[in-house]
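Order of appearance sets the numbers: ligands from 1, and atoms from 1 within every ligand.
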Amino acid sequence: MTLSIWRYAHLALAILSSLFLFILAITGAILALDAVVEKSAAHRAPNFDALTLADVIPVMRQQYTEIVELSVDHNGSVQIDAFDAAGNAVKAYVDPNTGQRLGDVTLKHDFMLGVTALHRSLFLHETGRILVGIASFLLFLITTSGFALIVKRQQGIRHFFTKINRDFLAQYLHVVVGRWSLLPILLISLTGTYLFLARMDVFKKPSLTVTYETSNADQAQKAIADFDIFKTTKLAQTEKIEFPFVEDDPEEFFLLSTKKGNFTINQITGDVVAQAKYSSGVLLEKLSLELHTGRSHMLLAIVLGIASLNIVLFIYSGFAITYRRTRNSIKNRYKAEEASIILFVGSENGSTLFFANQVHGQLLQAGKRSMIVEMNAYGRYPKATHFIFFTSTFGLGDAPTNANKFLTRLSSFEQQQEVSFSVVGFGSRSYSNYCGYAIDVDSMLEQQSWAKRFLPLATVNDRSAEEFVGWATQWSEKAAIALHTTPAVYQSQVTGLRKMKVVEKTAVTADNQTFKIVLKPIAKAHFSSGDLLGIFPTATQDERFYSIGAYKGMVHLLVKLHAQGLGSNFLYGLALGEVIPARILSNAHFHFPQHAPRVLMIANGTGIAPFLGMIMSNKRAVESHLYVGFRQHNAMAAYYEGFADTAIGQGKLTSYAVAFSREKESQYVMDLINRDAPFVMDLLESGGVIMICGSLAMQQDVEMLLETLLLIHRQPALANYKQRGQLLADCY
Ligand SMILES: Cc1cc2nc3c(=O)[nH]c(=O)nc-3n(C[C@H](O)[C@H](O)[C@H](O)COP(=O)(O)O)c2cc1C
């Protein structure tokens, strides 16, 4: 709970101020760079720190007949405004030891003046100053909440600088850079806020002026080098000294401004006539300016410049983290009272939710009543047969934020019917409590009377899609519900997106709900029959996969139109010539075998799609047989018969057998295999490969039948052939 308060505060403040902070950070970095450049080009005398005004002013008086003003900037350069012996006006940097001119005073470039104005007031005058001030204060709050979040993440302030386990790059950078930039950014934000308040006159600056009694009696001119105030004032402490307009006139004074205050000095006696000491508020303002700009120390300017750039990095990485957390949203079609498979998710940064969403999409595509629920929303599910828990682990084996109430809720909500459960833990082996929370959840579930273990606890290290596929395969086989076992399906980085153009599409009819769609990749692409095509029916992450039949560089898909089907309706709704983004996922385990002497392809329904491509590409004329099962002898079935005849004529297919389950003589592919049992057994015996594509139920029936036939024919068990790669399946 506390974590989420800090997190939401951190995020809300960042959203509020990011645009301003971005401008301030970029301009701040440019100004810091300018400060560094200025410093390196400064005319600072080597003995600058040792010199006093008593050393410098007499030298200047010798060099220049009339001096208006001498000033010292924050870089230690001494600047004079005077007239020389020839009566020429001189405005230049001078050597404080000799009075020699060192260089002209250059005005700031317009660009830098613009950057400064943008940084101070966003070109919006008073309103801009207020906005900048508020943004500075928000930056202070963001830094503070960020500090709290790091402490929380590192399990205490003692571990603030200990190793950070890398979750993903944006988050890693956010935390690592955050730790090192914390102090400089705190400095920038505090001094920025103070400068704003000071300029708004929030702190009154009472002038502490003291006047001293001085004698008006005629006095002899004291040597300037002997003025006490000049002897005790270092050049480094001086900001400016205005010279008397008329020499020898006791009513004309030296006006000295130092870092501590202003002094009015009698030019005859050297007495301080009046002194205005800066109030602590003004001193603090000056200090804030020094610290905020880093103009007094090059190293500070460099640190502040880097910190400013880091703010830009924070804005980027912060939003990348937020995008990652929020891009996977939960969308449900069924309510808790209707759903039969409930996917519970415990996820801090959204990656676990991504896995759950991928499974959810496939279950819905398979017509299952699937529902995704955050673990903290656990309740009662009267129609549920399966619970699947996907949860990550945080802290020291703790629950992610959206699952931290789950264990309490589990004991409050008892299910009224038996429900099978399976837990998949997401974690990282770099933590000692690897998947600690998933282990807790798994053992607590086991103690529930209504809960029946479906699979042992599965764990996934560092979001490994390969490891996840291990669980998906087991669950899918046991539940007889198809889940993809291609790792790329579970890789959250959607890479390899390409444009595809619709070049052909057939229509569905009353007795045929299957349509064919052919897509042409706009740019050249390499793929084979059996690979998968991932399409994105909605603007969000929802991805749907179809088996590809590859022919002449085109993607051939056979799709059954489902009334509620997200993917099938999307594809059916496409017009000829329309271009869509899609990606091809290699599914190497289901490619046409390179070295098999004979191949038997078994399909039902749309499972025929990859085989059509394989047959058309069978240029080597490998002995190939195609057994298919359809419901009715409709136009589509007639089309395949025509296709098979042509392929047989071309030598690309050896034989074709078809079974119709809903015609007068009801038959399934299993009947075809049974009928040709000696041939099928011989095919396996002679090193041939059987490929199965279509429904998972058909795959299970075929495998059961093959097992029986192998037994009868006294051949090794099916597992042996599977191991040798002689039985390949891609069913759904
Ligand atoms: C601060 C922090 C603490 C973590 N603690 C653990 C832990 O104790 N055990 C573990 O197995 N994984 C731990 N992890 C790793 C996450 O559980 C893992 O990266 C997971 O995939 C994140 O899933 P999510 O994006 O759905 O939250 C931790 C990660 C972070 C960032």
Using a 3.5 Å distance criterion without hydrogens, assess whether the side chain of [X] forms a donor-acceptor pair with backbone atoms of [Y].
| X | Y | value |
| --- | --- | --- |
| Tyr490 | His484 | yes |
| Ser568 | Leu561 | no |
| Asn461 | Tyr434 | no |

What are the atoms of ligand 1, with element, lying closer than 4.0 Å to any heavy atom of [X]?
| X | result |
| --- | --- |
| Gly397 | 8 (O) |
| Arg463 | 19 (O), 21 (O) |
| Tyr434 | 11 (O) |
| Phe426 | 17 (O) |

### Query
With a 4.0 Å heavy-atom cut-off (strictly under), which part of Glu348 contacts ligand 1: side chain, backbone, both or neither?
both

### Query
Is ligand 1 under 4.0 Å from a heavy atom in the side chain of Phe394, in the backbone, in both, or in neither?
both

### Task
Return yes when Pro400 approaches ligand 1 closer than 4.0 angstrom through a heavy atom, no otherwise.
no

### Task
Answer yes or no for Gly436: is there a heavy-atom contact with ligand 1 below 4.0 Å?
no

#### Entry: Lys452 charged N/C atom sitting above Phe421 aromatic ring, 6.0 Å / 45°
no

Give the residue, atom name and distance (to 0.1 Å) of the protein heavy atom nearest [atom].
| atom | answer |
| --- | --- |
| atom 18 (C) of ligand 1 | Asp167 OD1, 3.8 Å |
| atom 16 (C) of ligand 1 | Thr393 O, 3.5 Å |
| atom 2 (C) of ligand 1 | Tyr431 OH, 3.2 Å |
| atom 24 (P) of ligand 1 | Ser351 OG, 3.2 Å |
| atom 1 (C) of ligand 1 | Arg153 CG, 3.4 Å |
| atom 8 (O) of ligand 1 | Gly395 O, 3.0 Å |

Considering distance alone, does some N or O of [X] sit under 3.5 Å from an N or O of ligand 1?
| X | value |
| --- | --- |
| Asn433 | yes |
| Gly346 | no |
| Leu353 | no |

### Query
Once the angle between the rings of Phe468 and Trp471 is folded into 0 to 90°, is it parallel (under 30°), tilted (30 to 60°) or perpendicular (over 60°)?
tilted

### Query
How are the rings of Trp475 and His386 set to each other: parallel, tilted or perpendicular (split at 30° and 60°)?
perpendicular

### Query
Have Asp398 and Asn404 got a donor and an acceptor in their side chains that come within less than 3.5 Å?
no

### Message
Do Gln358 and Gln362 pair up side chain to side chain, a donor and an acceptor below 3.5 Å, judged on atom types alone?
### Response
no

Cut-off 3.5 Å, no hydrogens considered: what does the side-chain donor-acceptor table look like for residues 133-145, sequence neighbours left out?
{"from": "Ser136", "atom 1": "OG", "to": "Val132", "atom 2": "O", "distance (Å)": "3.0"}
{"from": "Thr143", "atom 1": "OG1", "to": "Leu139", "atom 2": "O", "distance (Å)": "2.5"}
{"from": "Thr144", "atom 1": "OG1", "to": "Phe140", "atom 2": "O", "distance (Å)": "2.6"}
{"from": "Ser145", "atom 1": "OG", "to": "His10", "atom 2": "ND1", "distance (Å)": "3.0"}
{"from": "Ser145", "atom 1": "OG", "to": "Leu141", "atom 2": "O", "distance (Å)": "3.0"}
{"from": "Ser145", "atom 1": "OG", "to": "Ile142", "atom 2": "O", "distance (Å)": "3.0"}

### Task
Select the closest option to atom 12 (N) of ligand 1 among Ser392, Cys435, Ser428, judged by heavy-atom distance.
Ser428

### Query
Taking it one step at a time, do Tyr378 and Phe406 satisfy ring pair (Phe, Tyr, Trp, His ring centres under 6.0 Å)?
CA-CA 7 Å; Tyr378 177 83; Phe406 169 72; 5.2 Å; yes

### Task
Name all residues meeting the salt bridge (charged side-chain N to carboxylate O under 4.0 Å, His left out) criterion together with Glu466; count only those two or more places apart in sequence or in a different chain, and write none if there are none.
none

